There are 2 protein chains.
Amino acid sequence: MKTMKEIAKMAGVSQSTVSRVINNNPNVNPEIKRKVLEYIRKYNYQPNRMARSLVKNKSFLIGIVLPELTNPYFPEILESLEEEANYYHYNIVLSITYGSLQREKEQIEMLLSRRVDGLIINPTDLSHVEHITKIKSILPTVICAQDLDGFDYVTVDHYLAGKIVAKYLINKGHINIGYIGYLKDKKLKGFYEEIIANNLNFNEDNYLVAPEEISDFTKSSEKKLLTKIIDNNITAVYTINDIIATKVINILIKNKMKVPDDVAVVGFDNTIICNLTNPPLTSVAQPTREIGRKSVDILIKKIEKTNAHTEYNLDQIFLPPRLVIRKST
Amino acid sequence: MKTMKEIAKMAGVSQSTVSRVINNNPNVNPEIKRKVLEYIRKYNYQPNRMARSLVKNKSFLIGIVLPELTNPYFPEILESLEEEANYYHYNIVLSITYGSLQREKEQIEMLLSRRVDGLIINPTDLSHVEHITKIKSILPTVICAQDLDGFDYVTVDHYLAGKIVAKYLINKGHINIGYIGYLKDKKLKGFYEEIIANNLNFNEDNYLVAPEEISDFTKSSEKKLLTKIIDNNITAVYTINDIIATKVINILIKNKMKVPDDVAVVGFDNTIICNLTNPPLTSVAQPTREIGRKSVDILIKKIEKTNAHTEYNLDQIFLPPRLVIRKST
DNA sequence: CTGAAAGCGCTTACAG
DNA sequence: CTGAAAGCGCTTACAG
């Protein structure tokens with residue numbers, strides 16, 4: 001690749017002039033500009049962005065740190081992060097931690113040394129974030145798809161999702177509704193509160209099985225699930241994600257129960273799976289694209305503010321979930 | 001962030017010495033080294049990699065160009081690309097084209113101007129690759145998960161996959177086997193040749209429907225599929241991917257046919273979906289992790305060779321597929 | 001409108 | 001073992 005100096009020499013002008021042409025500085029003689037552009041095209045010259053970044057102290061690079069890409073949820077977010085960043089002429093340096101805190105720390109240092117202009121991260125472990133706290137003070141940082149006190153973040157409102165699902169199922173006439181998920185999950189909190197608010201019961205009988213029991217899919221957990229459903233006359237089940245939901249459907253059908261006639265099933269994440277199950281799965285859609293987009297918007301706002309040392313407001317955004325109704329309910 | 005100069009001043013040494021400490025140059029007085037490191041730690045100094053890249057004319061950055069991340073296949077590859085690159089201390093600049101040739105061109109230029117050391121790309125359109133051909137001559141480039149004459153590439157052996165599936169189904173006693181996919185696909189070629197080699201018939205009756213017809217899933221395409229299956233006594237279907245396979249299963253079951261008793265179904269890609277269908281789906285696994293790993297290995301080999309201007313051999317690698325047998329066959 | 005010069009933050013011969 | 005100086009490829013006051 002040629003350098004600016006070489007282009008300048010060939011065009012018979014100074015390096016400054018070539019620089020002006022490239023940066024579209026209006027103070028250039030059109031005739032000269034034409035000639036310089038000619039050489040630039042001829043040699044397919046691309047200015048070295050690293051050199052530019054060095055001078056301008058700005059890389060137009062955003063560091064993205066994600067735990068994994070196996071769950072289809074993250075690729076969707078990543079796509080929208082990339083797309084939105086591109087819109088602002090930023091590019092993305094991707095790093096994946098595979099759930100290793102050690103790696104997360106190393107990768108953040110790497111991104112720092114590469115002088116990214118900002119960081120978007122989905123932390124591996126919300127109870128170990130000191131390194132992120134530290135970074136935050138020297139680099140604009142946004143937490144993506146999680147909420148973390150003291151940070152800027154963009155995430156879906158799990159609490160609201162729970163309420164929406166409960167409301168929907170109650171309206172459909174369900175009285176005994178089961179839940180398969182974690183107890184500490186905000187999905188449950190909203191769900192529970194809405195059920196109680198409607199004077200329905202929700203106790204440990206409604207907490208059917210742990211997600212792991214479904215994932216492992218043993219005979220005994222299958223039996224436990226069915227027993228709980230039958231004994232408590234459960235007619236609807238709210239699950240923590242589409243994969244669990246699909247397994248529940250398969251267990252029910254295998255045991256001659258009808259979905260949704262005997263038991264309705266609701267998934268979470270609204271993944272591609274929903275259209276493939278039989279019947280198609282009702283599921284809570286996270287606004288993944290918007291989470292990605294918003295994360296970038298906020299980050300870039302912070303980046304540009306950094307120079308102007310304006311006020312420091314935290315952006316903490318909960319985006320609304322959306323229930324996508326299909327045949328399983 | 002402090003600069004090397006500032007660290008040097010505080011430590012009372014020259015910038016050269018700080019540089020030597022950072023680069024682990026053995027010719028540094030241990031006592032001085034200790035002191036320098038102290039300041040580096042104290043201020044959490046991270047050397048500016050851009051400046052270093054500028055001097056060394058090497059960025060330790062690899063450009064990755066993929067068409068999308070929606071198909072779970074690409075995130076898997078991306079994960080292994082990132083992991084392997086990291087192993088060699090390279091990082092990844094990710095760009096997604098969304099199937100736009102225009103965008104592909106722009107992104108490649110961008111990567112070029114960022115002075116990535118090499119490029120791994122899954123081209124959007126194999127019939128428009130002039131811009132990639134051009135880049136190849138100035139930047140080490142590897143085609144990932146596709147085969148393209150004249151380029152280095154790593155991909156799965158689709159032809160072999162076809163043969164493996166045909167062999168398997170024939171061994172299972174199937175005589176009339178259907179195919180849902182594209183005619184120009186190498187998956188079909190190997191499949192077809194194996195069937196013919198076994199003195200079985202394969203003509204347009206066995207080419208059931210186009211994948212699009214299944215995707216759109218209209219009444220008429222459904223009818224067409226069923227008619228073809230029944231009229232030709234088809235007892236097994238080889239499909240182009242797991243999504244199509246799942247839809248086929250759902251159509252069959254809806255029409256009171258049994259899988260695999262009446263019709264066996266084989267998918268492709270061995271995605272997470274396979275364990276969720278009912279019955280679980282037999283599918284061809286692509287060695288995605290290995291495709292990613294190999295792509296990086298080859299690229300880095302090229303990158304390091306570039307300096308040594310050694311011989312120019314093309315690495316064109318077909319990796320073997322693996323049939324994962326489940327209950328649908 | 002144009003060019004010479006300084007400087008961004010590093011590395012690396014070179015001389016000592 | 002150490003430092004001063006040049007240079008990587010740009011941008012940007014500054015002077016004209």
Side-chain angles (χ1 to χ4, degrees), chain A residues 1-37 39-40 43-61 89 109-117 138 307, chain B residues 1-37 39-40 43-61 89 109-117 138 307:
Chain A
M1 174 79 36
K2 291 260 175 296
T3 70
M4 197 174 246
K5 205 170 164 186
E6 295 173 292
I7 297 289
K9 189 182 220 170
M10 292 188 294
V13 298
S14 76
Q15 201 181 122
S16 318
T17 298
V18 177
S19 177
R20 289 193 188 96
V21 169
I22 281 169
N23 292 294
N24 253 310
N25 184 318
N27 299 332
V28 181
N29 181 318
E31 192 50 32
I32 291 192
K33 180 169 183 172
R34 203 195 45 69
K35 204 206 298 177
V36 169
L37 282 175
Y39 281 96
I40 287 178
Y43 292 98
N44 210 331
Y45 167 71
Q46 295 277 357
N48 185 330
R49 294 255 251 150
M50 302 214 140
R52 179 185 297 180
S53 296
L54 191 58
V55 179
K56 308 198 69 158
N57 193 24
K58 161 126 193 166
S59 64
F60 279 95
L61 241 26
H89 300 103
E109 305 242 296
M110 176 279 286
L111 292 168
L112 201 61
S113 79
R114 288 207 181 273
R115 297 297 187 271
V116 296
D117 293 332
I138 56 178
N307 308 323
Chain B
M1 176 80 36
K2 290 260 174 299
T3 71
M4 198 173 244
K5 206 170 162 186
E6 295 173 293
I7 298 289
K9 189 180 222 171
M10 293 187 296
V13 298
S14 75
Q15 200 179 124
S16 318
T17 298
V18 177
S19 177
R20 287 192 189 96
V21 169
I22 281 170
N23 294 292
N24 252 310
N25 185 318
N27 300 331
V28 181
N29 181 319
E31 192 51 33
I32 291 193
K33 180 168 184 173
R34 203 194 47 67
K35 204 207 298 176
V36 169
L37 281 175
Y39 281 96
I40 287 178
Y43 291 98
N44 210 330
Y45 167 70
Q46 295 278 354
N48 185 329
R49 294 257 251 149
M50 302 214 142
R52 178 186 297 180
S53 297
L54 190 60
V55 179
K56 307 198 69 156
N57 193 26
K58 162 129 193 164
S59 65
F60 279 95
L61 241 25
H89 300 103
E109 305 242 295
M110 176 279 287
L111 293 167
L112 202 60
S113 77
R114 288 207 183 272
R115 297 298 187 271
V116 296
D117 293 332
I138 56 180
N307 308 322

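Since the model is a prediction, treat every value here as computed from it, not as a measurement. Below, chain A is the first sequence line, B the second, and so on; all start at residue 1.
For the pair B:Lys2 and B:Tyr45, the cation does not sit on the ring face, since its NZ or CZ is not both under 6.0 Å from the ring centre and inside 45° of the axis. Within the cation-pi definition used here (under 6.0 Å to the ring centroid, within 45° of the axis), B:Lys58 qualifies as a partner of B:Phe60.
The interatomic distance linking A:Asn27 (CG) with C:dG3 (P) rounds to 13 Å, in whole Å. One interatomic measurement links the two molecules: CD1 of B:Ile40 to P of C:dC10, which rounds to 10 Å at whole-angstrom precision. The CD-P distance, from B:Glu31 to D:dT2, rounds to 10 Å in whole Å. Note: CD (B:Gln15) to P (D:dC1) measures 21 Å, nearest angstrom. One interatomic measurement links the two molecules: CG of B:Asn24 to P of C:dT11, which rounds to 12 Å at whole-angstrom precision. Straight-line distance from the CG atom of B:Asn25 to the C1' atom of C:dC10: 15 Å, rounded to whole Å. At whole-Å resolution of the value, CD1 in A:Ile32 and C1' in C:dG3 are 11 Å apart. Protein atom CD1 of B:Ile7 is 13 Å distant from nucleotide atom C1' of C:dG9, rounded to whole Å.
The B:Leu54 side chain lies nearest to D:dC8 when the options are D:dC8, C:dT2, C:dG3. Here D:dT11 is the nucleotide among D:dG3, C:dG3, D:dT11 with the atom lying nearest to any side-chain atom of A:Lys56.
Contact between B:Asn27 and B:Arg20 at its shortest, heavy atoms only, is O-CD, 4.3 Å. Contact detail for B:Leu61 and A:Met50: the closest heavy-atom pair is CD2-CE, 4.0 Å.
Heavy atoms of A:Asn57 sit nowhere under 4.0 angstrom from any nucleic acid atom. Within 4.0 Å (heavy atoms only), A:Asn29 reaches sugar-phosphate atoms of the nucleic acid but no base atom. Among the atoms of the strands shown, none is found under 4.0 Å from any heavy atom of A:Ile22. Residue contacts for B:Ser19: at a heavy-atom cut-off of 4.0 Å it reaches a base atom on one of the strands shown.
In this structure, the side chain of B:Ser53 engages the main chain of B:Arg49 through a donor-acceptor pair within 3.5 Å. Judged purely by atom type and a 3.5 angstrom limit, A:Ser59 uses its side chain to pair as donor or acceptor with the backbone of A:Arg115.
Contact of the A:Asn29 side chain with the A:Lys35 side chain is not registered, since no non-hydrogen atoms from C-beta on lie closer than 4.5 Å. Between A:Ile40 and A:Gln46, the closest side-chain pair of non-hydrogen atoms is not below 4.5 Å.
Taking a 4.0 Å limit (strictly below) on heavy-atom distances, residues 43-51 of chain B does not reach DNA chain D anywhere.
Between A:Ser16 and B:Thr17, the residue anchored nearer the 5' end of DNA chain D, judged by the nucleotide with its closest heavy atom, is B:Thr17. In terms of position on DNA chain D, the residue among B:Ser14 and A:Lys2 whose nearest nucleotide sits closer to the 5' end is B:Ser14.
At a cut-off of 3.5 angstrom, counting only N and O atoms as typed in the model, there is a donor on one side and an acceptor on the other between the side-chain of A:Arg20 and the base of C:dG3.
Partners of A:Ser16 by side-chain hydrogen bond (donor to acceptor under 3.5 Å, both in side chains), not counting sequence neighbours: none found.
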task = Just do the salt bridge (Lys or Arg N to Asp or Glu O under 4.0 Å) check on B:Glu6 and B:Lys9 with the steps written out, would you?
result = CA-CA 5 Å; B:Glu6 295 173 293; B:Lys9 189 180 222 171; over 6 Å; no

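Phosphate contact (OP1/OP2 of D:dT11, side-chain N/O of A:Asn23, threshold under 4.0 Å): present.
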Base-pair string, DNA chain C, Watson-Crick plus G-U, cut-off 3.5 Å on both distances, | for inter-strand, is |||.||||||||.|||

